[in-house]
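Down below is the structure, laid out as structure tokens.
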Amino acid sequence: MQSSSGVALLVWPDAVHYSTMNTPVVGGGDPCGLTTVVAFFTDPANEEAWRSPPCRSHLQKIDFHGDVAINQALWGTPDAYDGKPEPVVELHSDGPSRPT
């Protein structure tokens, strides 16, 4: 996308903040945002290389479900977005206990 002033704005579907490092590619490898920045600094005149790198068509989708164990530890539910909130279990040296 290009503005009337000639400034390019690259939009990253399924990316989060700090898209230089948070644009994972299916199958692994360097983040697509980083690949794009490197392509730009290597040859800014080659707009095709940094505007439409091949990795853009292989961006990994955001996984909103996350890791079950981490969700359970942090939020008290296996599903951080749709799960039913449960009281957090506190671990003590004498075993787990629930807050009163």
Side-chain angles (χ1 to χ4, degrees):
M1 166 182 282
Q2 185 141 350
S3 70
S4 60
S5 65
V7 175
L9 171 67
L10 301 179
V11 178
W12 300 97
D14 287 316
V16 295
H17 299 288
Y18 189 51
S19 58
T20 302
M21 299 304 289
N22 289 321
T23 46
V25 180
V26 173
D30 291 331
C32 194
L34 181 60
T35 302
T36 302
V37 169
V38 169
F40 176 80
F41 284 122
T42 301
D43 186 5
N46 184 358
E47 290 189 27
E48 184 61 28
W50 57 266
R51 281 183 181 267
S52 301
C55 60
R56 285 183 70 86
S57 61
H58 302 290
L59 291 174
Q60 186 174 323
K61 299 285 183 195
I62 294 176
D63 176 13
F64 285 104
H65 293 97
D67 181 271
V68 172
I70 292 173
N71 290 342
Q72 190 68 46
L74 291 175
W75 314 115
T77 180
D79 184 345
Y81 292 92
D82 295 323
K84 179 181 174 233
E86 296 288 333
V88 175
V89 174
E90 294 181 6
L91 297 177
H92 299 278
S93 59
D94 58 346
S97 65
R98 293 196 179 268
T100 56

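The structure presented is a predicted model; accordingly, all values stated were derived computationally and were not measured. Along the sequence shown, residues carry numbers from 1.
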With the side chain counted from C-beta on, respond yes when Leu10 and Thr36 share a heavy-atom pair under 4.5 Å apart, and no when they do not. yes
Would you say the side chain of Asn71 lies within less than 4.5 Å of the side chain of Thr77, judging by non-hydrogen atoms? no
So, using side-chain contact (heavy atoms from CB on, under 4.5 Å) as the criterion, who are the partners of [X] when residues are at least two apart?
X: Tyr18; result: Thr20, Met21, Asn22
X: Val68; result: Pro78
X: Asp30; result: Thr35

Could you pull out the closest heavy-atom pair between Ser57 and Pro54, with the gap in Å? OG-O, 3.0 Å
For the residue pair Arg51 and Arg56, what are the closest heavy atoms and their distance? O-CD, 3.5 Å
Output for pair (Gln72 CD, Asp67 CG), nearest 0.5 Å, gives 11.0 Å
So CG of Asp43 and CD of Glu48: to nearest 0.5 Å the spacing works out to 12.5 Å
Where at least one partner belongs to residues 8-67, residue pairs that pass disulfide bond (SG atoms under 2.5 Å apart), sequence neighbours excluded: Cys32-Cys55
Give every residue pair that meets the ring-ring contact (aromatic ring centres under 6.0 Å, His included) criterion with at least one member in residues 38-58, sequence neighbours excluded. Phe40-Trp50
Should side-chain heavy atoms under 4.5 Å link Ile, Leu, Val, Met, Phe, Trp and Tyr, which residues sit in the same cluster as Val25? none
Got a donor-acceptor contact below 3.5 angstrom from the Thr42 side chain to the Val38 backbone? yes
